[in-house]
Amino acid sequence: MTAFSTDGQSDPTVQPVPAAVVEQVDAADVTLSNPKLAVISLGSNLGNRLETLQGAVDALEDTPGLRVKAVSPVYETEPWGVEAGSQPSYFNAVIVVKTTLPPSSLLERGQAIEEAFDRVREERWGPRTIDVDIVSYAEVVSEDPLLTLPHPRARERAFVLAPWHDVDPEALLPGAGPVADLLAGIGRDGVLPRPDLELRLPE
């Protein structure tokens, strides 16, 4: 790296960064080492929903060993598994990340973000400030009760499939097939696009 003075000439008083130092920094960046593609679903139906979703995106980007590569449009949906009108509607989005974290560590990070936004797990289908779910991790198919991959209900949820299809029309849900086909099969009823709302891809 060479510094330049305001007149456009090279500044001889500033030394370039030695190549050995650059190599050390690159080696320390674990995001350069065989990252895996993961898909994460975000949902919020309490408080400032859009701000909360953006906060979760930013918190994931700040995670060592993880980079957010794509952020979907925002959708508004009715709560899943409860009586209509009993809870506020959700804002939902999907993000695609590259990560060197194993699935268990990615799960822990998602749960830490939920806790940071004061999510309380009192009721299975209860309202929540933020929901962070791992939808898929590379090609992994696992029946681990702590983290089933892919998410066992992803294929049934238009609020996951629709935004995922937006950011990756060719996406495949491991063990289930093309996201486009799954979405066509269940339809988009109850899933409302919100083009007036936008999540920022972290810089």
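When reading the values below, keep in mind they use all heavy atoms of this one structure, side chains included, and skip hydrogens, waters and symmetry mates. Residues: numbered from 1 along the sequence shown.
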Checklist entry - Distance from Gln54 atom CD to Phe91 atom CZ, nearest 0.5 Å? => result 13.5 Å
Item to check | Closest heavy-atom pair and its distance - Ser136, Pro174 | outcome: CB-CD, 4.0 Å
Next on the checklist: Within the structure provided, determine whether Ile40 and Val97 are in side-chain contact (heavy-atom separation under 4.5 Å).
Outcome noted: yes
Checklist entry - For Arg194, which residues count as a salt bridge (Lys or Arg N to Asp or Glu O under 4.0 Å) partner, sequence neighbours excluded? => result Glu76, Asp196
Next on the checklist: Applying a strict under-4.5 Å side-chain criterion to I, L, V, M, F, W and Y, I'd like to know whether Leu172 and Leu183 cluster together.
Outcome noted: no
Item to check | Asp189: partners by salt bridge (Lys or Arg N to Asp or Glu O under 4.0 Å), with sequence neighbours left out | outcome: none
Checklist entry - How long is the span from the NZ atom in Lys36 to the OG1 atom in Thr100, to the nearest 0.5 Å? => result 10.5 Å
Checklist entry - Quick one: do Val57 and Leu50 end up in the same hydrophobic cluster if we chain Ile, Leu, Val, Met, Phe, Trp and Tyr together by side-chain heavy atoms under 4.5 Å apart? => result yes
Item to check | Minimum-distance pair of heavy atoms, taken over all atoms of Ala154 and Val135 | outcome: CB-CG1, 3.8 Å
Checklist entry - Does Ile130 offer a backbone N or O that forms a donor-acceptor pair with the side chain of Ser44 under 3.5 Å? => result no
Item to check | Donor-acceptor contact present, side-chain Glu114 to main-chain Val132, <3.5 Å | outcome: yes
Item to check | Residues Arg157, Ser41; criterion side-chain contact (heavy atoms from CB on, under 4.5 Å); working and verdict | outcome: CA-CA 11 Å; Arg157 294 178 168 179; Ser41 174; over 6 Å; no
Next on the checklist: When you measure from the side chain of Ser105 to the backbone of Leu101, do you find a donor-acceptor pair of N or O atoms at a distance under 3.5 Å?
Outcome noted: no
Item to check | Residue list, side chain to side chain donor-acceptor pair (under 3.5 Å) with Thr148, at least two apart or on another chain | outcome: none
Please set out all donor-acceptor pairs under 3.5 angstrom arising from side-chain atoms of residues 160-170, sequence neighbours excluded.
from, atom 1, to, atom 2, distance (Å)
Asp166, OD2, Tyr75, OH, 2.5
Asp168, OD1, Glu170, N, 3.3
Asp168, OD1, Ala171, N, 3.4

Checklist entry - Stepwise, does the side-chain contact (heavy atoms from CB on, under 4.5 Å) test hold for Tyr137 with Thr99? => result CA-CA 9 Å; Tyr137 182 99; Thr99 183; 4.0 Å; yes
Next on the checklist: Between Asn45 and Thr129, does the side-chain contact (heavy atoms from CB on, under 4.5 Å) criterion hold? Intermediate values first, please.
Outcome noted: CA-CA 6 Å; Asn45 76 332; Thr129 311; over 6 Å; no
Next on the checklist: So, taking the atom named CD in Glu78 and the one named CG in Leu192, what distance separates them when rounded to the nearest 0.5 Å?
Outcome noted: 9.5 Å
Item to check | Those residues that, when tested against Asp62, pass side chain to side chain contact (heavy atoms under 4.5 Å, CB included) (two or more places apart) | outcome: none
Item to check | Non-neighbouring partners of Asp181 that pass side chain to side chain contact (heavy atoms under 4.5 Å, CB included), sequence neighbours left out | outcome: Pro178
Item to check | Nearest heavy-atom neighbours spanning Ala38 and Leu106 | outcome: CB-CD2, 4.0 Å
Checklist entry - Can you name the nearest heavy-atom pair linking Pro79 to Ser89, along with the distance? => result CD-CA, 4.3 Å
Next on the checklist: So, taking the atom named OG in Ser142 and the one named CG in Leu147, what distance separates them when rounded to the nearest 0.5 Å?
Outcome noted: 6.5 Å
Checklist entry - Taking all non-hydrogen atoms of both residues, which atom of Arg109 and which atom of Ala59 are closest, and how far apart? => result NH2-O, 2.8 Å
Checklist entry - Should Leu201 and Leu53 be regarded as members of a common hydrophobic cluster, given that ILVMFWY residues are connected when their side-chain heavy atoms come within less than 4.5 Å of each other, either directly or indirectly? => result yes
Checklist outcome for this item: Between the CZ atom in Arg153 and the CG atom in Asp133, the distance rounded to the nearest 0.5 Å is 8.0 Å
Checklist outcome for this item: Residues Leu60 and Leu66: closest non-hydrogen pair is O-CD2, 3.0 Å
Next on the checklist: Is there a path of hydrophobic side-chain contacts, each under 4.5 Å between heavy atoms of I/L/V/M/F/W/Y residues, joining Val179 to Leu37?
Outcome noted: yes
Item to check | Residues Leu173, Arg155; criterion side-chain contact (heavy atoms from CB on, under 4.5 Å); working and verdict | outcome: CA-CA 8 Å; Leu173 183 65; Arg155 68 179 70 191; 3.9 Å; yes
Next on the checklist: Please report the interatomic distance OH(Tyr90) to OG1(Thr77), rounded to the nearest 0.5 Å.
Outcome noted: 8.0 Å
